[in-house]
K.L.:
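Following this message is one structure expressed as structure tokens.
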Amino acid sequence: MGPLSFPLASRPHTPTDFPMLWSQTFIPTLKETPADAEIVSHQLLLRAGLVRKLTGGLYTFLPLGLKVLRKIEQIIREEMNRAGGIEVLMPALQPIDIWQQSGRYETASGVLFKVRDSARKEWVLGPTHEEVITSLAANELNSYRQLPKNFYQIQTKFRDEIRPRFGLMRAKEFLMKDAYSFDASDAGAMTSYHKMYDAYTRIFARCGLQAFPVEADTGVIGGNYSHEFMVPAETGENDVVYRESGKYAANIEKAVSRGPTEATPSESTGATPEKFATPGVVTIEALAAAPYGVSARHQVKTLVFVADSKPILVLIRGDDSLNEAKLMAKTGAVQVRQATADEIVELLGARPGSLGAVNATLKTPAVPVYADEALRGARGMTTGANEDGFHLRHVEVDRDLKVTAWYDLRTVKVGELCVETAQPLKIRRAIEVGHVFKLGTKYSEKLNATFLAEDGSRHPAVMGCYGIGVTRTLQAVIEQCNDKDGIRWPVSVAPFTVCITPLTVAPESQPMTLARELAATLEAAGIEVILDDRDERPGVKFKDSELVGFPLRVNLGEKSLAKGEIELKPRGGTLRMVPIADAAAEVIAWVRAESARLQG
RNA sequence: CGGGACGUAGCUCAGCCCGGUAGAGCACUUGGUUUGGGGCCAAGACGUCGCAGGUUCAAAUCCUGUCGUCCCGACCA
């Protein structure tokens with residue numbers, strides 16, 4: 001210790017701070033499953049004493065939950081830094097003017113938490129930070145020489161979720177890593193995008209998560225450069241369309257196929273549209289049933305939407321369902337909602353169930369009609385007559401309807417064929433843990449984030465944004481790594497790697513003495529240890545350590561110690577006896593091997 | 001915002017239909033016993049039955065309202 005060494009108010013842990021004693025921290029495990037937790041990861045979050053609910057969508061992180069969160073954060077930091085990210089921290093409280101400038105004060109109003117200060121001035125709690133970072137860039141990034149830059153932060157986000165659910169999965173307040181790249185060119189933006197894509201792949205692998213990139217909806221911004229990182233799980237809120245063998249995978253909002261498995265009728269009868277009575281028939285199913293027997297495939301479903309305040313008609317084959325994300329993306333509409341019954345009657349003169357777009361039956365021929373590609377060339381179709389209780393048959397779409405534009409608007413179904421390979425597609429549920437998105441110049445233009453190029457010309461920076469739900473990732477790990485006994489943490493994110501469990505805890509007893517020595521040795525080797533010093537029966541300690549999910553438990557009991565042995569019990573693995581003298585080395589070797597498996 | 005379910009001890013729940021002294025298990029406290037997979041025995045503490053109003057001699061129980069929670073849907077940068 002040199003003359004400049006002095007005790008710091010806050011110093012790193014020293015061996016005297018260790019080991020962490022179970023009795024000295026706070027791990028309130030629950031034997032029974034809390035009634036308001038539906039999915040296994042939410043139940044285990046509560047049962048293992050990681051979090052407690054304050055109220056719907058708001059959670060307190062207890063010591064163990066916080067430790068896991070910090071470990072995930074650290075993995076994210078390391079990989080973001082490795083990929084050239086620069087860490088910053090932006091305010092959660094934001095002025096509304098930048099939101100008005102970007103246009104999202106209106107379009108995002110559904111999720112914006114708004115607050116007022118004592119002067120009654122309005123502010124928003126940030127659900128995301130494009131506006132803030134772009135304001136910074138507008139002031140600070142003025143030359144192509146400063147580009148590219150990729151700023152990131154790990155920070156609390158606020159979203160006024162209509163229905164928070166599943167614990168941390170969808171919360172009103174949650175921890176997010178968000179990053180924003182600024183490039184001088186489109187090509188540069190693509191490079192930044194791919195760097196983040198690769199970083200995300202490594203991050204989730206290091207967290208022990210099986211997460212897969214899938215093509216994602218790009219909404220009004222368009223383009224093909226958006227991927228979501230998905231963790232397969234039945235409890236997820238997303239549907240992913242994928243090909244068993246091969247690379248294609250897409251969010252169902254974006255997914256495409258070669259079309260319906262059964263062809264659209266195209267044989268002409270030569271007949272012209274004929275009105276027939278269908279009293280009380282207001283569903284596809286009813287028209288398909290006796291006595292009408294018009295199969296769903298032979299029907300044209302007519303939907304009325306209000307897109308950016310203007311009514312539109314959307315046509316889908318009767319057995320298909322509309323994909324609203326596609327509708328918004330293809331029409332460029334920012335806000336789309338289904339028309340109300342009153343609006344529909346006003347527009348078409350009939351109530352839902354008898355609607356159609358046959359030109360001759362439209363009161364207002366000027367209303368735009370968007371039709372799904374599957375209806376191209378359709379003949380012999382049946383659709384509503386725009387008169388309650390009547391339908392039209394012998395409808396030929398090309399002849400009888402005026403379609404403003406044809407788009408792919410239908411939702412892909414299981415078994416349809418991959419566009420590229422013609423192999424059948426499958427669908428499964430998944431949890432979205434990350435999203436990479438090439439933004440282009442939408443925000444840099446609106447918030448004036450421009451730079452001077454080498455030739456003196458001024459351009460908006462080309463942006464990308466990249467998010468990881470940190471708290472959601474934590475829960476996704478639990479959702480993927482558990483069994484009937486509890487959580488099975490990957491070593492990389494486990495709150496403690498090793499749980500040392502002396503079966504008698506008298507201070508001078510052999511199990512406790514050896515436990516302390518082993519803990520010190522392991523800590524010196526950089527392994528995080530918790531020592532279960534509680535005076536509980538072995539069964540209680542075993543159950544608790546398995547519920548919480550420490551990767552390796554080391555049992556020190558008088559019986560095996562008498563035989564010169566210590567027991568190693570990997571979580572979910574088999575018990576192994578090792579000589580006392582070899583125990584530390586065996587544990588270190590085990591932890592190194594496990595850690596190596598998770599290095600991305 | 002629509003549909004459904006539920007609010008009783010720290011937790012899981014019974015009691016409610018058919019109104020009449022507030023219950024069980026787990027957890028907690030004390031004592032004893034036990035000690036390699038959530039022990040056993042005994043004693044104890046813990047409740048304005050979510051809240052407000054109404055009906056009634058009498059309300060956890062019936063009625064109305066309200067707040068909260070969970071699920072399905074709508075919504076979701």
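Please read these numbers as outputs of a predicted model, since none were measured by experiment. Each chain gets a letter, A, B and so on, in the order its sequence line appears, and its residues count up from 1.
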K.L.:
In terms of relative ring orientation, are A:Y59 and A:H42 parallel, tilted or perpendicular, with 30° and 60° separating the classes?
P.N.:
perpendicular

K.L.:
Using the P atom as the reference point in each nucleotide, state the distance between B:G25 and B:U69 in Å, no decimals.
P.N.:
32 Å

K.L.:
Could you measure between the two C1' atoms, the one in B:C11 and the one in B:U56, and give it in whole Å?
P.N.:
35 Å

K.L.:
Sort out the partner of B:G7 for me: Watson-Crick or G-U wobble, both distances under 3.5 Å, none otherwise.
P.N.:
B:C67

K.L.:
Determine the interatomic distance between C1' on B:A52 and the same-named atom on B:C41; round to the nearest Å.
P.N.:
46 Å

K.L.:
Quiz question: going by heavy-atom distance under 3.5 Å, is there a donor-acceptor pair between the base of B:C70 and the side chain of A:R165?
P.N.:
no

K.L.:
Look at the side-chain N and O atoms of A:T55 and state whether any lies under 4.0 Å from the OP1 or OP2 oxygen of B:G68.
P.N.:
no

K.L.:
Looking at B:C75, I'd like to know if its phosphate oxygens (OP1 or OP2) sit under 4.0 Å from a side-chain N or O belonging to A:R163.
P.N.:
no

K.L.:
Please produce a list of atom pairs where a protein N or O lies less than 3.5 Å from an N or O of nucleotides 7-11 of chain B.
P.N.:
unit_1: B:C11; atom_1: O2; unit_2: A:E32; atom_2: OE1; d: 3.3

K.L.:
Nearest to the side chain of A:D544 - B:U34, B:G38, B:C76?
P.N.:
B:G38

K.L.:
Indicate, yes or no, whether a donor-acceptor pair under 3.5 Å links the base of B:G37 to the side chain of A:E536.
P.N.:
no

K.L.:
Just to confirm, is there a sub-4.0 Å distance from OP1 or OP2 of B:G37 to any side-chain nitrogen or oxygen of A:K543?
P.N.:
no

K.L.:
Could you check how far CZ of A:R104 sits from C1' of B:C76, rounded to whole Å?
P.N.:
13 Å

K.L.:
Measure from CD on A:Q335 to P on B:C75 and round the result to the nearest Å.
P.N.:
12 Å

K.L.:
Looking at A:R553 and A:D532, does any basic side-chain N land under 4.0 Å from a carboxylate oxygen?
P.N.:
no

K.L.:
Answer with base, sugar-phosphate or nothing: what part of the nucleic acid does A:R553 contact at a heavy-atom distance below 4.0 Å?
P.N.:
base

K.L.:
Which residue in the set A:K413, A:K301, A:K326 passes salt bridge (Lys or Arg N to Asp or Glu O under 4.0 Å) when paired with A:D320?
P.N.:
A:K413

K.L.:
Using atom C1' in both nucleotides, what's the gap between B:U61 and B:C75 to the nearest angstrom?
P.N.:
39 Å

K.L.:
Expressed as a whole number of angstroms, how long is the span from A:Q43:CD to B:C71:P?
P.N.:
11 Å

K.L.:
Can you tell me the distance, in whole Å, between the CD atom of A:Q338 and the P atom of B:A74?
P.N.:
9 Å

K.L.:
Out of B:U35, B:C72, B:C76, which nucleotide sits closest to the side chain of A:V111?
P.N.:
B:C76

K.L.:
Say we look at B:G73 and B:C16: how far apart would their P atoms be, to the nearest angstrom?
P.N.:
34 Å

K.L.:
Find the distance A:E161:CD to B:C71:P and express it as a whole number of Å.
P.N.:
13 Å

K.L.:
Assign A:G56 to base, sugar-phosphate, or nothing according to its heavy-atom contacts below 4.0 angstrom with the strands shown.
P.N.:
sugar-phosphate

K.L.:
Whom does B:C1 pair with, Watson-Crick or G-U wobble, provided both distances fall under 3.5 Å?
P.N.:
B:G73

K.L.:
Hey, which of these two, A:V540 or A:E253, hits RNA chain B nearer its 5' end, going by closest nucleotide?
P.N.:
A:V540

K.L.:
Could I get the full list of salt bridge (Lys or Arg N to Asp or Glu O under 4.0 Å) partners for A:D186, not counting sequence neighbours?
P.N.:
A:K438

K.L.:
Could you tell me how the ring of A:H227 sits relative to the ring of A:Y193: parallel (under 30°), tilted (30 to 60°) or perpendicular (over 60°)?
P.N.:
tilted

K.L.:
Can you name the nearest heavy-atom pair linking A:T134 to A:S444, along with the distance?
P.N.:
CG2-CA, 3.9 Å

K.L.:
Would you mind checking if A:D160 and A:K114 are paired as a salt bridge, meaning a charged N to carboxylate O distance below 4.0 Å?
P.N.:
no

K.L.:
Expressed in angstrom and rounded to an integer, what is the separation of A:I162 atom CD1 from B:C1 atom P?
P.N.:
10 Å

K.L.:
Here's a test of your reading of the structure: between A:R47 and A:A108, which maps to the more 5' nucleotide of RNA chain B?
P.N.:
A:R47

K.L.:
Measuring from the side chain of A:K31 (C-beta onward, heavy atoms only), which nucleotide among B:G36, B:G38, B:C76 has the closest atom?
P.N.:
B:G38

K.L.:
How would you list, by chain and number, every residue that makes a salt bridge (Lys or Arg N to Asp or Glu O under 4.0 Å) with A:D485, sequence neighbours excluded?
P.N.:
none

K.L.:
For A:R537 and B:G39, is the shortest distance between a side-chain N/O and OP1 or OP2 below 4.0 Å?
P.N.:
yes

K.L.:
State plainly whether the residues A:E343 and A:R337 are in salt-bridge range, i.e. N to O under 4.0 Å.
P.N.:
yes

K.L.:
Looking at B:A59, which nucleotide sits across from it as a Watson-Crick or G-U wobble partner, both distances under 3.5 angstrom, or is there none?
P.N.:
none

K.L.:
What is the pairing partner of B:A24, taking Watson-Crick or G-U wobble pairs with both distances under 3.5 Å in any strand?
P.N.:
B:U12

K.L.:
Base, sugar-phosphate, or nothing for A:E567, non-hydrogen atoms under 4.0 angstrom?
P.N.:
base

K.L.:
Using a distance-only test with no angle check, is there a side-chain donor-acceptor pair under 3.5 angstrom linking A:T33 and A:Q43?
P.N.:
no

K.L.:
Rounded off to whole Å, could you give me the NZ-to-P distance for the A:K559 and B:G37 pair?
P.N.:
8 Å

K.L.:
Which nucleotide in the set B:C76, B:G37, B:C26 lies at the smallest distance from any side-chain heavy atom of A:R170?
P.N.:
B:C76

K.L.:
Quick one: which of A:K195, A:E228, A:K177 gives a side chain to side chain donor-acceptor pair (under 3.5 Å) with A:Y200?
P.N.:
A:K177

K.L.:
Could you please name the partner base of B:A45, counting Watson-Crick and G-U wobble pairs only when both distances are under 3.5 Å?
P.N.:
none

K.L.:
Would you mind reading off the distance between A:D535 atom CG and B:G36 atom C1', rounded to a whole angstrom?
P.N.:
15 Å

K.L.:
Taking B:G36 as the reference, what is the distance to B:U21 when you measure between their P atoms (whole Å, please)?
P.N.:
47 Å

K.L.:
Would you mind classifying the nucleic acid contact of A:F158 as base, sugar-phosphate or nothing, using non-hydrogen atoms under 4.0 angstrom?
P.N.:
nothing

K.L.:
Examine B:G36: is either OP1 or OP2 under 4.0 Å from a nitrogen or oxygen in the side chain of A:K541? Give yes or no.
P.N.:
no

K.L.:
Distance check, P atoms only: B:G7 and B:C51, in whole angstrom units.
P.N.:
14 Å

K.L.:
Give me the distance, rounded to whole Å, that separates B:U66 from B:G19 when you measure between the C1' atoms they each carry.
P.N.:
23 Å

